[in-house]
Amino acid sequence: EAERMGLAASAGLSDLVDCAVMCNDADLYYADGQFSRMGEPTEAALKVLAEKLGPYLKEHQGLGVVPDPASSSGAGAGAATERGAPNLEGLCSRVGDRVQAKFGGRLATLEFNRDRKSMSVLCRPAGAKPGDAVNKLFVKGAPDLLLERCAFVKLPSGEVVPMDAQARALLQGAVQNLAERPLRTIGLAIKEGEALGAELGSWQGEPSGETTPKLLTDASKFAQVESQLTFLGLTGIKDPARKEVGAAIAECHNAGIRVIMITGDSKPTAVAIARDVGIFDAETFQRENARLKGKVEESSGSIPRAYTGADFFQNLSEEEQEAALSAGGNFIFCRTEPLDKQKLVRMLQKLGETPAMTGDGVNDAPALQQAAIGIAMGIAGTEVAKEAADMVLADDNFATIVAAVEEGRCIYNNMQSFICFLISCNFGEIATVFFATLLGLPEPLSPLQLLWVNLVTDGPPATALGFNPPSPDSMKRPPRPRTEPILSSWLMIRYVLTGLYVGGATLGSMAWWYKAHGVSFHDMMRHNQCSPGSVMASKMALRWSLGGLDPRIVDDLTALGVADPLASPCDVFFAPLAKAKVQTLALSVLVCMEMLKALSAVSVNASMLSLPPTKNPWLLVGCAVPFGLHYALLKAPKLASVFGLTSLDGRDWKAVLALALPILLLEEALKAVGRFLEQKRAREERAPIQAL
């Protein structure tokens with residue numbers, strides 16, 4: 001293939017290899033069974049290109065082609081050489097060492113500048129005689145700007161021809177095609193000999209004692225030095241996104257998180273990358289691609305989604321910038337300045353957004369510090385960026401940020417579940433005591449029993465709620481407003497309703513027992529007026545004597561300390577064992593409901609069918625242990641008497657479950673309403689974006 005392309009005879013390609021090596025600060029090395037780099041990945045890719053391409057050129061043909069690394073089976077270089085496999089360590093700089101020896105290093109370096117978007121090095125062939133104008137300026141930079149400063153093209157044969165309009169259009173089309181693939185494009189150019197001028201063309205460097213030319217000491221003159229260049233070639237470097245990025249960006253979209261990409265690549269490359277990773281959908285990509293080719297008029301009404309830094313931050317007014325960003329949706333910014341990132345962060349904050357900014361360089365530090373959440377790269381990031389950031393990514397992976405968002409939402413939801421569970425339980429207890437007092441009912445719970453509920457049966461389930469797994473819809477909801485309290489107005493209404501049911505069911509257990517034993521609710525409300533010889537006692541005795549008490553009820557009351565119901569009917573309210581029976585029922589209903597509420601609190605809004613309690617084993621333990629303690633307390637007569645409780649029979653437990661289980665139905669109904677309200681809010685927030 002190399003012979004068919006005529007690479008060996010390509011003098012122009014030889015200069016391209018020289019440029020790729022000399023305009024480079026990266027190093028390649030082989031260690032631990034793999035090739036690695038030290039330096040910028042883009043420059044390392046150029047070094048790899050030179051090492052792969054160089055052996056096919058005439059001047060490097062003695063090196064032989066690069067063998068397949070797999071032939072060494074990952075063994076160390078020494079062992080591989082003994083078995084006849086290639087010495088992989090020696091492959092990293094064969095061509096580079098020759099090119100470096102050919103020029104003997106650099107005379108000067110014209111550092112990269114964001115205005116020029118290029119860097120260059122001045123080299124002199126080894127062995128050149130003093131006074132000979134044989135120096136070469138190798139230039140590497142953004143092709144779109146580099147082509148503007150090129151006046152000539154070096155053909156593969158080595159012939160230099162003027163760059164006419166046709167050649168320029170052809171090269172610009174090649175840049176566009178590579179960018180759309182998408183590839184990171186880098187142009188390589190040269191300026192040599194007398195074209196550099198007498199001063200630069202023959203300068204031998206500072207060690208020679210000659211004065212450094214002024215053009216090399218004044219950065220404002222670097223563009224002048226890098227003019228009238230000869231274009232050598234165009235390289236396209238594939239810098240693929242990690243395979244998990246597309247799914248992570250789709251998850252961001254579902255979660256209502258905007259993704260704004262800021263890149264140094266050209267706009268065509270940035271738009272193509274945005275398509276590949278899902279920042280732009282197919283429709284947006286087609287529109288932006290058409291806009292790149294001038295096929296979409298700015299007056300068409302559609303808002304551009306891809307800008308260069310200059311187009312957005314310099315050519316648009318502040319009102320136009322805010323109008324574009326406030327439209328929502330994803331954006332990309334390319335060829336930006338470090339200051340542009342700070343402007344973007346300030347603008348998003350002004351619009352009420354919560355921006356999280358990623359960065360790795362020293363220039364990113366101000367924006368990282370200014371953002372609500374600064375995220376630095378742990379591998380490629382500088383120490384300055386890490387110090388300025390709030391969070392450091394250990395794996396430099398965008399998907400990790402999305403996972404952190406999900407974890408953060410899970411933590412917030414668990415805090416919400418914890419707080420709301422305790423509030424609703426306490427509200428139920430308050431409602432029980434409040435309505436009992438308001439209606440004049442017998443005391444449902446003693447202070448010691450309330451203490452038992454709060455310390456033993458409320459604490460473990462509430463703590464276990466902190467281990468809830470993420471809700472299945474946690475990344476399908478838009479971000480909550482920053483001003484939204486952890487206990488929203490809807491949640492307050494919701495837990496008031498459940499609290500009212502808890503209070504009603506607890507008092508209902510008392511009413512059920514009294515009614516089953518011949519006491520009406522009216523009698524319960526006037527129990528304080530009941531005393532031996534009172535009118536109320538006489539009426540109760542008369543009603544029981546006329547209606548006839550079931551012998552089983554009489555036996556039950558006798559066992560509870562009501563020796564003669566007709567003679568002393570008020571004992572049904574005040575006999576210690578009767579009172580203990582009623583309070584045991586009330587306490588058991590309350591405990592069961594709180595355990596059931598905890599089991600349904602695995603998610604604030606997700607149904608138990610989609611996120612069952614089994615997803616949180618700690619919650620099962622946190623509910624089983626308190627209920628077991630409560631049951632054991634009822635079965636231990638001495639301990640039960642201390643708390644004013646007694647044991648329950650099978651009929652009592654059926655009544656307890658009949659009153660407690662409906663709390664699950666109520667919770668599921670209220671969760672369904674909560675899901676409806678969230679979906680409605682999500683549709684309202686996304687409607688303007690979809691309209692655009």
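Index from 1, following the sequence. As a basis for the values below, the full set of heavy atoms in this structure was taken, side chains included, without hydrogen atoms, waters or symmetry mates. This one's a predicted model, so the numbers in the text were calculated from it and none came from an experiment.
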Treating [X] as the side-chain partner and [Y] as the backbone partner, does any N or O pair qualify as donor plus acceptor under 3.5 Å?
| X | Y | result |
| --- | --- | --- |
| E320 | S317 | yes |
| N468 | L619 | no |
| D396 | I379 | yes |
| T308 | C334 | no |
| N616 | P613 | no |
| D364 | G361 | yes |
| E251 | M475 | no |
| R335 | G264 | yes |
| Q449 | F643 | yes |
| T269 | L183 | yes |

Run V456 and L633 through side-chain contact (heavy atoms from CB on, under 4.5 Å) and show every step you take. CA-CA 12 Å; V456 179; L633 177 65; over 6 Å; no
Looking at every heavy atom in both [X] and [Y], which two are closest together, and how far apart are they?
| X | Y | value |
| --- | --- | --- |
| A272 | A179 | CB-O, 3.6 Å |
| Q349 | A372 | NE2-N, 3.8 Å |
| L659 | Y501 | O-OH, 2.7 Å |
| A44 | A26 | N-CB, 3.6 Å |
| L348 | L325 | CD2-CD1, 4.3 Å |
| C623 | M595 | O-SD, 3.5 Å |

Parallel, tilted or perpendicular, as decided by the 30° and 60° cut-offs, for the rings of F333 and F312: perpendicular
Aromatic ring pairing H630/W653, orientation class (parallel under 30°, perpendicular over 60°, tilted between):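 Geometry flag for W653 against H630: perpendicular rings.
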Take atom [atom1] of [X] as the centre, draw a 6.0 Å sphere, and report whether it contains more than 12 heavy atoms from other residues, nucleotides or ligands.
| X | atom1 | answer |
| --- | --- | --- |
| Y412 | OH | yes |
| E244 | CD | yes |
| K671 | NZ | yes |
| K238 | NZ | yes |
| E283 | CD | no |
| F285 | CZ | yes |
| E40 | CD | no |

Below 4.0 angstrom, N of the basic side chain to O of the carboxylate: do [X] and [Y] qualify?
| X | Y | value |
| --- | --- | --- |
| E678 | R675 | no |
| D311 | K267 | yes |
| E383 | K386 | yes |

Go through the steps for L344 and K341 under the test side-chain contact (heavy atoms from CB on, under 4.5 Å), then give the verdict. CA-CA 5 Å; L344 183 60; K341 294 184 179 182; 5.6 Å; no
Taking only residues two or more places apart in sequence or in another chain, which ones pass ring-ring contact (aromatic ring centres under 6.0 Å, His included) with F467?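 Once residues adjacent in sequence are excluded, the partners of F467 under the ring-ring contact (aromatic ring centres under 6.0 Å, His included) criterion are W618.
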Is it true that [Y] and [X] share a donor-acceptor pair across their side chains at a distance under 3.5 Å?
| X | Y | result |
| --- | --- | --- |
| S417 | N414 | no |
| S607 | S610 | no |
| D395 | T400 | yes |

Working to the nearest 0.5 Å, report the span between [atom1] of [X] and [atom2] of [Y].
| X | Y | atom1 | atom2 | result |
| --- | --- | --- | --- | --- |
| I260 | N330 | CD1 | CG | 8.0 Å |
| N605 | S474 | CG | OG | 12.0 Å |
| R494 | E667 | CZ | CD | 5.0 Å |
| L645 | L585 | CG | CG | 10.5 Å |
| T498 | I493 | OG1 | CD1 | 12.0 Å |
| M415 | C420 | CE | SG | 10.5 Å |

As a quick check of understanding, evaluate side-chain contact (heavy atoms from CB on, under 4.5 Å) for K343 and Q321, giving each step before the final call. CA-CA 10 Å; K343 292 179 181 177; Q321 294 171 12; over 6 Å; no
Side-chain contact, heavy-atom cut-off 4.5 Å: [X] with [Y]?
| X | Y | value |
| --- | --- | --- |
| V591 | P626 | no |
| E594 | P461 | no |
| M377 | T358 | yes |
| V277 | F398 | no |
| P355 | Q370 | no |
| C592 | V656 | yes |
| T263 | I273 | no |
| F35 | V48 | no |

Take E288 and L292 through the side-chain contact (heavy atoms from CB on, under 4.5 Å) test and state the conclusion after the steps. CA-CA 6 Å; E288 293 304 320; L292 284 172; 5.8 Å; no
Going by salt bridge (Lys or Arg N to Asp or Glu O under 4.0 Å), name the residues that satisfy it together with D265, two or more places apart in sequence or in a different chain.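 Partners of D265 by the salt bridge (Lys or Arg N to Asp or Glu O under 4.0 Å) criterion, ordered by chain and then number, come out as R184.
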